[in-house]
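Naming convention: chains lettered A, B, ... in sequence-line order (proteins, then strands); numbering from 1 in each chain. Bear in mind the structure is a predicted one, so any value in this text is a computation, not a measurement.
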There are 2 protein chains.
Amino acid sequence: MDLIFNIDFHSDEALYTQLCNQIIIGIAKETVHEGDCLPSVRQLAEEVGINMHTVNKAYTVLKQEGFVKVDRRRGVIIAVNTDKLRALAETKENLRILLARAACMNISREEIHALIDEIYEEYN
Amino acid sequence: MDLIFNIDFHSDEALYTQLCNQIIIGIAKETVHEGDCLPSVRQLAEEVGINMHTVNKAYTVLKQEGFVKVDRRRGVIIAVNTDKLRALAETKENLRILLARAACMNISREEIHALIDEIYEEYN
DNA sequence: TCTCTGTTATACTCATGTTATAACAGAGAG
DNA sequence: CTCTCTGTTATAACATGAGTATAACAGAGA
């Protein structure tokens with residue numbers, strides 16, 4: 001299956017951030033796999049109706065964060081560069097504020113665990 | 001114990017967002033409780049060395065998100081307005097992208113559950 | 001050579017974050 | 001009533017970032 005991009009122009013999330021997130025979710029759901037090519041910047045820009053530079057920014061961020069790399073011959077390809085210690089630290093910091101909000105709203109630890117399982121089911 | 005604000009002027013997070021997060025974490029950790037007063041906008045601005053309007057924006061956001069309310073006599077006080085269904089939905093959506101990143105970096109479901117428990121321990 | 005990659009440069013518009021100065025209404029204290 | 005404290009509002013200025021636009025470049029494959 002191929003990646004389908006769904007851009008919300010009225011969202012407060014930046015367009016390039018939406019692209020990044022959807023690609024990352026695609027990797028997690030195994031819609032795309034290690035070594036797969038992503039559309040060229042011009043192609044994807046045309047497809048979703050945005051500027052080439054916005055797509056390029058998304059790819060640049062994904063490259064810096066270690067999700068893709070550039071192959072002169074094939075373009076941008078999925079290549080996850082695992083820095084697990086750093087990823088664990090970042091995940092924990094992001095969870096800290098997310099769980100604080102949840103705790104304030106009376107969401108229990110058990111409800112969070114349940115949500116985690118539900119989402120991991122989505123990722124097979 | 002009182003809230004201690006730690007502002008990072010070099011962060012890419014907006015100053016008012018940092019204030020919001022630290023207050024929310026303070027509520028979750030029970031450093032501040034329902035009914036407690038927050039510093040006045042001018043007081044807090046002076047304390048952390050930023051503009052009054054930046055503090056005011058943080059308070060306005062917290063009010064809109066249902067963490068505080070304004071009492072004409074006492075100022076801004078902690079008052080969590082629970083909209084649990086909405087909170088659950090938002091939490092799940094935020095977890096989705098966070099877990100996708102984690103999954104890409106080979107962080108297992110069990111490791112996430114462990115992180116959750118570690119953080120909830122911080123919140124007693 | 002032609003055409004496709006990503007990349008770089010420049011420039012413009014627009015929204016947002018932050019600061020600054022100022023003023024206003026409501027409420028408590030003297 | 002006056003003084004002083006609240007939050008709130010208005011206006012203006014500036015820097016930064018997001019997004020677009022047009023254009024050009026080097027590398028690689030056909």
*Asks:* With heavy atoms under 4.0 Å as the rule, sort B:Lys69 into base, sugar-phosphate or nothing.
*Replies:*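 No contact at all - B:Lys69 keeps every heavy atom at 4.0 Å or more from the nucleic acid.
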*Asks:* Is the phosphate of C:dT5 approached by A:Ser40 (side-chain N or O, under 4.0 Å from OP1 or OP2)?
*Replies:*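 Yes.
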*Asks:* Round to a whole Å and report the spacing from CG of B:Asp12 to C1' of D:dA15.
*Replies:*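 The distance from CG of B:Asp12 to C1' of D:dA15 comes to 16 Å, rounded to the nearest Å.
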*Asks:* Taking any heavy-atom pair under 4.0 Å as a contact, classify A:Arg73: base, sugar-phosphate, or nothing.
*Replies:*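 Counting heavy atoms under 4.0 Å across all strands, the contact made by A:Arg73 is with sugar-phosphate only.
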*Asks:* Considering only side-chain heavy atoms of A:Val76, which listed nucleotide, C:dG6, D:dT6, D:dT9, is closest?
*Replies:*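 Among the listed nucleotides, the one closest to the side chain of A:Val76 is C:dG6.
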*Asks:* Could you tell me if the side chain of B:Leu15 sits less than 4.5 Å from the side chain of B:Phe9, heavy atoms only?
*Replies:*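 Yes - at least one pair of side-chain heavy atoms lies under 4.5 Å apart.
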*Asks:* For DNA chain C, whose closest nucleotide is more 5', that of B:Phe9 or that of B:Met52?
*Replies:*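 Per heavy-atom nearest nucleotide, the more 5' residue is B:Phe9.
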*Asks:* Please determine if a side-chain N or O atom of A:Tyr16 lies less than 4.0 Å away from the OP1 or OP2 oxygen of D:dA18.
*Replies:*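 Yes, such a contact exists.
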*Asks:* Between D:dA18, C:dT18, C:dA23, spot the one nearest the side chain of A:Ala14, thanks.
*Replies:*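 Of all the options, the side chain of A:Ala14 is nearest to D:dA18.
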*Asks:* Without decimals, in angstroms, what is the distance between A:Ile7 CD1 and D:dT20 C1'?
*Replies:*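 Going from A:Ile7 (CD1) to D:dT20 (C1'), I get 16 Å.
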*Asks:* Charged N to carboxylate O under 4.0 angstrom, B:Glu121 versus A:Arg109?
*Replies:*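 The answer is yes: the pair qualifies as a salt bridge.
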*Asks:* Does D:dA30 have a Watson-Crick or wobble partner in any strand here, with both distances under 3.5 angstrom, and which is it?
*Replies:*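 In the structure as shown, D:dA30 has C:dT1 as its Watson-Crick or wobble partner.
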*Asks:* Nearest whole angstrom, please: distance from the C1' of C:dT8 to the OH of A:Tyr59.
*Replies:*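 Those two atoms, OH and C1', are 18 Å apart.
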*Asks:* Out of D:dT6, C:dG6, D:dT20, which has the shortest distance to the side chain of A:Asn51?
*Replies:*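 Nearest to the side-chain atoms of A:Asn51, counting from C-beta on, is D:dT20.
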*Asks:* Expressed in angstrom and rounded to an integer, what is the separation of A:Asn56 atom CG from D:dC25 atom C1'?
*Replies:*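 Whole-Å distance recorded here is 14 Å.
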*Asks:* Within this structure, what is the CG-to-P distance between A:Asp8 and D:dG19, rounded to whole angstrom?
*Replies:*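 These atoms are roughly 12 Å apart.
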*Asks:* Applying a 4.0 Å non-hydrogen cut-off, can you work out what A:Arg74 is touching in the nucleic acid: base, sugar-phosphate, or nothing?
*Replies:*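 Nothing, no nucleic acid heavy atom in range.
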*Asks:* Mind checking whether A:Phe67 and A:Ile24 have side chains closer than 4.5 Å, heavy atoms only?
*Replies:*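 A side-chain contact exists here, since the closest heavy-atom pair is under 4.5 Å.
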*Asks:* Run the salt-bridge test on A:Arg101 and B:Glu90 with the 4.0 Å N-O cut-off and return the result as yes or no.
*Replies:*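 Result for this pair is no, no salt bridge flagged.
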*Asks:* Of all the nucleotides listed (C:dA9, C:dT7, C:dT19), which has the minimum atom distance to the side chain of A:His53?
*Replies:*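 The answer is C:dA9.
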*Asks:* Taking atom CD of A:Glu122 and atom CD1 of A:Ile25, what is their separation to the nearest 0.5 Å?
*Replies:*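 Here the interatomic distance stands at 8.5 Å.
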*Asks:* Kindly say whether B:Asn106 contributes a backbone atom to a donor-acceptor pair with the side chain of A:Lys84 at under 3.5 angstrom?
*Replies:*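 Checking the backbone N and O of B:Asn106 against the side chain of A:Lys84, a donor-acceptor pair under 3.5 Å is found.
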*Asks:* NE2 of A:His10 versus C1' of D:dG19: gap in Å, rounded?
*Replies:*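 Spelled out: NE2 on A:His10 to C1' on D:dG19 is 15 Å.
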*Asks:* Nearest-Å distance, CD (B:Glu13) to C1' (D:dG17)?
*Replies:*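 Atom-to-atom, B:Glu13 to D:dG17, this comes out as 16 Å.
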*Asks:* Quick one: B:Lys57 NZ to C:dT19 P, roughly how many Å, whole number?
*Replies:*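 It works out to 12 Å between those atoms.
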*Asks:* Quick one: the side chain of B:Arg42 and the base of D:dT4, do they pair up donor-acceptor inside 3.5 Å?
*Replies:*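 Check fails, no donor-acceptor contact within cut-off.
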*Asks:* May I ask you to evaluate whether B:Thr54 reaches the phosphate of C:dG17, defined as a side-chain N or O under 4.0 Å from OP1 or OP2?
*Replies:*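 For C:dG17, neither OP1 nor OP2 has a side-chain N or O of B:Thr54 closer than 4.0 Å.
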*Asks:* Which part of the nucleic acid, if any, lies within contact of B:Asp71, taking any heavy atom under 4.0 Å across all strands shown: a base, the sugar-phosphate backbone alone, or nothing?
*Replies:*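 Since no nucleic acid heavy atom lies under 4.0 Å of B:Asp71, the category is nothing.
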*Asks:* Strictly by Watson-Crick or wobble contacts shorter than 3.5 Å, is anything paired with C:dA23, and which nucleotide is it?
*Replies:*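 D:dT8 is the nucleotide pairing with C:dA23.
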